[in-house]
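Scroll down for the structure; my scribbles are underneath it.
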There are 2 protein chains.
Amino acid sequence: MKNQLDRNAGNLTLDDIADLAGVSRSTVSRVVNEHTSVKKEVRQRVLNIIEEHHFHPNAAARTLALQRSWTIGLILPHSVSTFFTDPYYPNLLMGIAKACNLYNFTLALFLVSTKEDEANVFSRVGRKGFLDGVIVQSGHHGDQGAIGKMVDKKIPLVVVGRPFRSDNVTYVDIDNINAAKSAVTYLHKIGCKRIATITGPLDSTVGIDRLEGYRQAIKEQNGQVDDNLVVEGNFTETGGYLAMQKLLPFQPDGVFAASDVMAAGAMKAAEDANLSIPKDVSFIGFDDLPAASYGSNQLSTVRQKVAELGQKSVESLIEQIEDESIAPRQIILETELVIRQSCTQLLDISPQNIK
Amino acid sequence: MKNQLDRNAGNLTLDDIADLAGVSRSTVSRVVNEHTSVKKEVRQRVLNIIEEHHFHPNAAARTLALQRSWTIGLILPHSVSTFFTDPYYPNLLMGIAKACNLYNFTLALFLVSTKEDEANVFSRVGRKGFLDGVIVQSGHHGDQGAIGKMVDKKIPLVVVGRPFRSDNVTYVDIDNINAAKSAVTYLHKIGCKRIATITGPLDSTVGIDRLEGYRQAIKEQNGQVDDNLVVEGNFTETGGYLAMQKLLPFQPDGVFAASDVMAAGAMKAAEDANLSIPKDVSFIGFDDLPAASYGSNQLSTVRQKVAELGQKSVESLIEQIEDESIAPRQIILETELVIRQSCTQLLDISPQNIK
DNA sequence: CTCATTTTTGGAAGCGCTTCCATTATAGCA
DNA sequence: TGCTATAATGGAAGCGCTTCCAAAAATGAG
């Protein structure tokens with residue numbers, strides 16, 4: 001034992017500690033795991049030695065014995081362009097990472113861009129003794145495969161954002177349709193007659209739902225949806241800029257963009273075309289990024305608490321990990337319409353005018 | 001065995017596969033690990049069964065036996081404000097994640113904000129059987145503790161960004177001093193007489209080094225450093241905006257900002273003060289974010305390849321993991337001055353004018 | 001058709017931990 | 001003081017894998 005000890009100092013095992021404390025391996029294990037059945041003095045003695053030698057039980061051995069790794073996976077199937085361009089992801093990541101810290105879980109991050117990545121990642125994620133559960137950022141058609149596999153393998157799973165096939169899957173999301181609807185309705189109330197929208201990618205549920213909200217709002221105000229006023233964007237600033245350029249010939253006086261980042265691009269395009277905001281055209285974005293709220297032309301937006309989305313998904317996942325029999329459920333978070341200078345002001349802001 | 005098999009279908013072990021194939025556990029292990037000493041037909045038979053049952057060896061057991069987890073940790077000691085505000089982090093993350101995919105490593109992400117997090121995270125990171133090595137994003141004084149501990153514990157380590165105490169530590173960085181110097185020198189060459197700088201936080205090596213580059217450039221052009229023209233920023237857009245407001249009274253005609261994000265804020269402030277860019281004041285940023293290069297007022301900048309920084313750090317870490325005797329070394333990546341419309345043009349762009 | 005080599009294979013130990021079960025020490029009660 | 005009930009401990013098996021070592025099978029040379 002001493003031998004072992006010398007051989008790789010600073011790399012003790014339970015046995016080493018047991019020797020040092022003059023007790024058995026089992027007892028040390030009990031101390032580490034806070035079992036009550038250890039005599040006070042013994043417990044203290046062992047604890048001291050552990051402290052003194054900075055002992056940490058080997059993670060792999062623990063995982064093997066307990067079939068629990070205290071690690072959760074986060075799969076971000078990112079279309080490269082938006083990951084480092086739209087603060088949505090970093091925000092989500094922060095929320096998730098913080099929650100992991102809080103509950104003492106480790107976060108394994110998988111950024112998936114190619115088909116190859118996907119196969120690769122899945123072969124690792126599917127492996128036992130590695131992850132206790134998985135969070136998938138979803139919304140694209142392409143994710144269905146991955147999600148299906150998790151469900152089949154009965155790996156505890158939470159999806160962020162409504163997936164295309166949402167039966168039998170726990171997911172966390174906001175009510176995109178109504179959130180979008182309220183923004184467009186607001187534009188109508190302040191007098192916009194030609195309200196345009198720059199949508200998200202229409203192969204994603206977010207894109208589809210926010211457009212649906214726009215449609216519903218227009219129809220409810222007895223309007224016709226004019227296809228010229230609907231342009232598909234891709235959640236990038238450049239995309240917003242280009243989309244706005246397409247819209248300009250049709251002279252919109254209000255624009256609902258499906259993300260703040262696209263709204264920022266669109267506003268630049270409007271300014272470059274010498275339009276004045278909000279006099280000539282009002283803007284509402286979506287997300288409420290920090291950057292939206294300073295400088296001139298502060299952006300009106302639909303606030304969603306992305307970090308909270310992340311936190312809830314972690315919490316819900318942990319629940320599943322701890323009780324595998326929990327039934328799939330949906331968690332829908334609140335959003336809030338935040339009006340700033342990018343919209344002409346509504347004079348009478350009584351409640352019935354806003355919703 | 002059959003019993004075992006039924007009990008939890010889809011969760012086979014080596015033994016199960018061995019039974020199914022009519023060979024021993026050892027043989028299956030050899031097949032999985034691609035040892036050559038298995039007879040062709042046997043290997044194929046085993047492979048088929050593995051395929052058929054979607055067998056993946058248990059990760060924890062493997063880690064325990066081999067003392068290798070194929071997982072690396074990334075510690076981002078983020079000051080909350082900049083993580084989801086400056087695309088630097090997402091970019092770095094992307095580079096690292098991609099490299100991990102490439103080499104079939106898993107990435108464990110630790111976002112550290114509070115002291116409590118730090119202790120917490122370290123107790124997990126320091127544990128054996130969990131991570132093969134660690135990448136730390138550094139540059140702040142606060143990181144020294146964490147870095148020191150890794151070094152003490154002999155955990156393979158790569159630091160991104162020059163740490164304050166860089167002896168005995170492998171790190172990956174760019175030459176911030178010279179990069180900043182070349183930007184400021186360029187401003188001088190195009191005729192700016194009152195060149196200001198918005199620095200990064202001055203408790204970070206990036207902040208310090210880029211300021212040092214500014215200083216050196218000014219001095220080399222026989223200038224005096226005017227303290228009124230040096231304002232500390234915090235790598236946020238709002239920070240850039242506020243810093244520029246402080247600079248305006250001193251009428252700078254050229255501004256070097258230590259990040260694109262701050263430059264964007266600063267330009268907004270200039271525009272809000274009715275200055276014209278680049279006629280009244282030229283700007284150079286740092287990073288070359290995608291957003292820098294579109295719309296009006298395209299930003300000149302020092303391009304650094306952040307994703308590559310990430311990739312190199314992974315590669316260097318893997319080298320250390322595979323050969324623990326490798327000596328600490330520094331890897332310095334190239335930067336490039338990219339001139340766009342935010343600077344008045346230099347008519348004669350012959351090489352000697354640029355550097 | 002032997003016998004010595006070389007390939008292939010199976011058995012068993014070991015990676016470091018948890019936990020069941022049996023055993024010993026302690027306490028409680030008559 | 002002796003006996004039972006309880007608290008505290010140690011031993012051993014097991015989590016699922018790799019790999020050393022020895023045994024068995026296949027090969028080739030004489």
Side-chain angles (χ1 to χ4, degrees), chain A residues 1 3-5 7-8 10-47 50 53 55-70 124 126-132, chain B residues 1 3-5 7-8 10-47 50 53 55-70 124 126-132:
Chain A
M1 269 311 156
N3 186 11
Q4 163 98 336
L5 240 157
R7 187 149 48 69
N8 56 12
N11 223 153
L12 295 298
T13 71
L14 267 194
D15 280 301
D16 298 328
I17 302 294
D19 276 16
L20 255 19
V23 295
S24 76
R25 192 226 309 305
S26 324
T27 300
V28 179
S29 173
R30 285 186 202 104
V31 171
V32 170
N33 293 291
E34 298 178 320
H35 287 201
T36 52
S37 65
V38 179
K39 214 202 281 182
K40 269 235 164 80
E41 307 98 70
V42 177
R43 152 196 231 71
Q44 198 47 251
R45 180 150 41 96
V46 171
L47 240 28
I50 286 179
H53 290 81
F55 168 75
H56 291 293
N58 181 296
R62 209 149 200 255
T63 295
L64 182 56
L66 289 174
Q67 309 283 43
R68 280 287 243 101
S69 66
W70 289 274
R124 272 182 286 155
R127 167 159 313 191
K128 274 280 153 179
F130 178 34
L131 300 178
D132 287 344
Chain B
M1 266 314 153
N3 186 12
Q4 164 98 335
L5 240 157
R7 188 150 46 69
N8 56 11
N11 223 152
L12 296 297
T13 72
L14 268 195
D15 280 301
D16 298 329
I17 302 293
D19 277 15
L20 256 18
V23 296
S24 77
R25 192 228 306 305
S26 324
T27 299
V28 179
S29 174
R30 284 186 203 105
V31 171
V32 171
N33 293 291
E34 297 178 320
H35 288 200
T36 52
S37 65
V38 179
K39 212 202 284 181
K40 270 238 164 79
E41 308 99 69
V42 176
R43 150 195 233 72
Q44 198 46 251
R45 182 150 42 95
V46 171
L47 240 27
I50 286 178
H53 291 80
F55 168 75
H56 291 294
N58 182 295
R62 210 148 199 255
T63 296
L64 181 57
L66 289 173
Q67 309 283 43
R68 281 288 241 100
S69 66
W70 289 275
R124 272 182 286 155
R127 167 160 313 192
K128 273 279 153 181
F130 178 35
L131 300 178
D132 287 344

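Every chain is numbered from 1, with letters handed out A, B, ... down the list of sequences.
For B/V42, the side-chain atoms get nearest to C/dT9 when compared with the rest of C/dC17, D/dG10, C/dT9. Proximity note for B/R30 (side chain, C-beta onward) versus C/dG16, C/dG10, D/dG10: the nearest is C/dG10. Of all nucleotides listed (C/dT18, D/dG16, C/dG16), D/dG16 comes nearest to the side chain of B/A65. Comparing D/dA12, C/dA13, C/dG16 by their closest approach to the side chain of A/N58 singles out C/dG16. Listed nucleotides: C/dC17, C/dG10, D/dG16. Nearest to the side chain of A/R62: C/dC17.
Of all non-hydrogen atoms in B/A18 and B/V28, the two that sit nearest each other are CA-CG2, 3.6 Å.
Spacing between atom CZ of B/R68 and atom P of D/dG16 amounts to 23 Å, rounded to whole angstrom units. Put simply, CG on B/L64 is 13 Å from C1' on C/dT18, counting in whole angstrom units. Distance NE2 (A/H35) to P (C/dC20): 9 Å, rounded to an integer number of Å. If you measure from atom CG of A/D15 to atom P of D/dG11, you get 11 Å, rounded to the nearest angstrom. Following rounding to the nearest Å, B/R127 (CZ) and C/dC15 (P) show an atom-to-atom distance of 20 Å. A straight line from CG of A/N11 to C1' of C/dC17 spans 14 Å, rounded to a whole angstrom. Regarding B/E41, its CD atom lies at a distance of 16 Å from the P atom of C/dT7, rounded to whole Å. Remark: P of D/dG16 and CD1 of B/I17 are 13 Å apart, rounded to the nearest angstrom.
Residue A/T13 places none of its side-chain N or O atoms closer than 4.0 Å to OP1 or OP2 of C/dG16. Residue A/Q67 places none of its side-chain N or O atoms closer than 4.0 Å to OP1 or OP2 of C/dT18. Taking side-chain N and O atoms only, B/S29 has a distance below 4.0 Å to OP1 or OP2 of D/dT18.
Annotation: side chain of A/F55 is not in contact with side chain of A/D16 (no heavy-atom distance under 4.5 Å). When side chains are defined from C-beta on, B/R25 does not count as touching B/S29, because their heavy atoms never get closer than 4.5 Å. A/V46 is listed as a side-chain neighbour of A/V42, based on a closest heavy-atom distance under 4.5 Å.
B/R127 pairs by the side chain to side chain contact (heavy atoms under 4.5 Å, CB included) definition with A/H56, A/P57, A/A59, B/F130, not counting sequence neighbours.
Among the atoms of the strands shown, none is found under 4.0 Å from any heavy atom of B/V32.
Nearest-nucleotide positions on DNA chain C for B/A61 and B/K40 put B/K40 closer to the 5' end. Taking the nucleotide of DNA chain C with the nearest heavy atom to each of B/L66 and B/K39, the more 5' of the two is matched to B/K39.
No donor-acceptor contact under 3.5 Å links the side chain of B/T27 to the base of C/dG10.
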